[in-house]
Amino acid sequence: MIDLKYIRTHPQEVRNAILNKNEKANLDAILALDENRRKLQYEYDQLRSKQHQVSQIIVLKKRNGEDVSELLSEMSEVAEQIRALNAQLTETNTQLENLLLTIPNIPHPDVPIGKDESANRVIKLWGEKPNFTFTPLDHLELAEKNRLLDLPRGAKISGSGFPVYTGIGAIWERALINFMLNFHIQKHNYTELAVPVLVTRKTMTGTGQLPKLEDDMYRIEADDLFLIPTAEVPVTNFFADEILPQDRLPIKFVSYTPCFRREAGSYGKETKGLQRLHQFNKVELVHFVEPSTSYQALEEIREDAEEILQALNLHYRVVELCTGDLSFASAKTYDIEVWAPGLGKYLEVSSISNFEDFQARRANIRYKDTQGKLGYLHTLNGSGVATPRLMIALWETYQTKEGTINAPEVLKEYNVPEITESSKRW
RNA sequence: GGAGAGGUGACCGAGCAGGUUUAAGGUGCACGCCUGCUAAGCGUGUGUGGGUCAAAAGCUCACCGUGGGUUCAAAUCCCACCCUCUCCGCCA
């Protein structure tokens with residue numbers, strides 16, 4: 001959420017942000033409602049103040065046995081006006097709040113302005129595309145050969161986009177999650193959180209998924225709960241409506257959860273194999289920081305996520321998103337894209353964003369600085385990383401001429417078996 | 001799901017047969033005084049948000065789980081909901 005006072009004083013800047021992000025929001029309506037609200041508030045305050053004063057007079061007169069019936073009937077009218085004003089005020093505030101929730105975050109000035117991903121900037125390449133002496137298979141072919149996945153049965157159980165990992169495929173999945181969690185906990189000093197995957201509407205609004213993306217969320221209608229699209233939602237809201245002392249910052253959480261996305265409107269786009277799913281697993285990194293340090297923290301999370309790919313020795317690139325490709329709540333985002341040799345393309349495995357105080361305002365997360373002053377802290381997060389596309393890159397990168405798959409060194413510590421002919425155990 | 005108890009400021013805790021309580025008192029915290037030092041004691045201050053103001057001060061409004069309602073007036077009365085605890089039932 002953008003500060004209403006800021007909108008009032010910098011309307012053009014907000015207008016540009018909405019435009020550059022390809023969003024729609026009615027700024028004029030907000031400004032008009034704001035003005036009306038302040039007018040109503042003033043009138044309401046005046047009348048309430050009068051009511052308080054007369055109330056004291058009534059008390060005194062009654063005590064002296066004087067007649068107060070005239071005052072009462074006079075005040076009865078004032079009360080009626082107050083009720084009417086209050087109703088208008090409540091209505092105005094509700095409308096204003098609802099509209100405010102539709103204003104996207106303002107991109108950081110450094111972010112390249114652009115309509116879509118064609119304006120994104122590749123800012124880094126790490127490693128090289130592996131060379132094969134044979135034509136590499138894609139992950140689906142490899143999975144079939146080695147019985148690592150069963151997508152048809154997943155579709156039978158739940159519909160398309162709900163994968164079943166089988167045998168060693170499942171073991172690798174579990175090991176990867178464990179590896180990434182331990183890596184961030186031990187090397188990067190994160191605290192692990194195991195959180196609910198069903199959350200309330202308020203929680204979903206706090207991080208900015210609602211109201212905009214309701215159609216993309218799975219919803220449990222009977223209880224008005226939502227399945228989380230990312231651990232960002234429950235983890236960031238962990239401190240909702242709280243005030244943290246500055247000396248506790250930064251706070252860094254890592255959390256593994258399954259993630260659920262309806263992907264409404266994206267059917268047919270890059271859906272082959274594990275590329276786009278309704279349910280997948282992800283390890284997420286979340287930071288709560290003092291505002292002046294948030295861009296430093298953004299780089300830190302990017303490095304933390306990159307190190308996972310480095311440890312697995314996978315080629316990847318880092319992309320800085322342009323304004324048109326930024327998410328609703330983000331001020332600046334990096335995507336990390338890993339190379340998938342079988343598919344012959346880069347796949348997004350991590351998205352790292354600084355939300356500045358946008359989520360903190362929505363979720364009401366503040367901090368108290370050393371002078372005792374209150375302010376909204378900054379929140380950030382990044383995938384560290386999502387497993388399906390990571391798995392694609394792993395299988396496709398570590399495949400052999402025989403169609404088997406070697407295990408990366410770091411996963412061997414997790415007793416991950418090599419994937420060979422004899423791996424087909426069922 | 002049923003029955004009961006409860007939800008008040010950083011914390012504890014009074015107020016709850018409506019009106020000088022614009023939330024008592026205590027603890028903690030901050031500053032000051034006193035003291036050889038510490039402790040004790042004394043004094044002062046001590047929330048959040050909105051409005052007004054160039055800004056600060058000041059003034060003012062709102063906030064006693066949340067949302068409605070009754071009333072000239074609500075922490076206090078009424079209704080609905082949420083959360084916590086205890087017991088029962090049901091399920092793991």
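In what follows, every chain begins at residue 1, and chains take the letters A, B, ... in the order their sequences are listed.
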Is A:R261 paired with A:D216 through a side-chain N to carboxylate O contact shorter than 4.0 Å?
no
Taking every heavy atom of A:P234 against every heavy atom of A:V199, the minimum-distance pair comes out as CB-CG1, 4.2 Å
Atom CZ of A:R366 and atom P of B:rG47: how far apart are they, to the nearest Å?
14 Å
Of A:A79 and A:Y376, whose closest RNA chain B nucleotide lies nearer the 5' terminus?
A:Y376
Identify, between A:S73 and A:L60, the residue whose nearest nucleotide on RNA chain B lies closer to the 5' end.
A:L60
Which heavy atom in A:I336 sits nearest to a heavy atom in A:R302, and how many Å separate them?
CD1-O, 4.0 Å
Tabulate atom names and distances for all N/O pairs under 3.5 angstrom spanning the protein and nucleotides 52-60 of chain B.
{"unit_1": "B:rU52", "atom_1": "OP1", "unit_2": "A:R38", "atom_2": "NH1", "d": "3.4"}
{"unit_1": "B:rU60", "atom_1": "O3'", "unit_2": "A:S49", "atom_2": "OG", "d": "3.4"}

Which nucleotide in B:rG19, B:rG51, B:rG68 has an atom nearest any side-chain atom of A:Q41
B:rG51
Just checking A:L72: base, sugar-phosphate only, or nothing, at a heavy-atom cut-off of under 4.0 Å?
base
Taking only side-chain N and O atoms of A:Q51, does any of them lie within less than 4.0 angstrom of OP1 or OP2 on B:rA73?
yes
Could A:K212 and A:F328 be counted as a cation-pi pair, given that NZ or CZ must be under 6.0 Å from the ring centre and within 45° of the axis?
no
Does A:F280 have any ring pair (Phe, Tyr, Trp, His ring centres under 6.0 Å) partners at least two apart in sequence or in another chain, and if so, which?
none
Ring centers of A:F183, A:H188 separated by less than 6.0 Å
yes
Is it the case that over 12 heavy atoms from other parts of the model lie below 6.0 angstrom from the CZ atom of A:F162?
yes
Each stem that RNA chain B is part of, given as range with range (3 or more consecutive Watson-Crick or G-U pairs, under 3.5 Å)
B:1-7 with B:82-88, B:10-12 with B:25-27, B:28-33 with B:41-46, B:47-52 with B:58-63, B:65-69 with B:77-81
Separation between the P atoms of B:rC53 and B:rU46, rounded to whole Å
26 Å
Take A:D357 and A:L377, measure what side-chain contact (heavy atoms from CB on, under 4.5 Å) needs, and give me the verdict at the end.
CA-CA 6 Å; A:D357 64 7; A:L377 48 70; over 6 Å; no
A:F238 and A:F253: CA distance, side-chain angles, deciding distance, ring-ring contact (aromatic ring centres under 6.0 Å, His included) verdict:
CA-CA 10 Å; A:F238 186 68; A:F253 288 134; 5.4 Å; yes
In whole angstrom, give the distance that lies between atom NZ of A:K202 and atom P of B:rC83.
13 Å
Need the glycosidic conformation of B:rA73: syn if within 90° of 0, anti if not. Which one?
anti
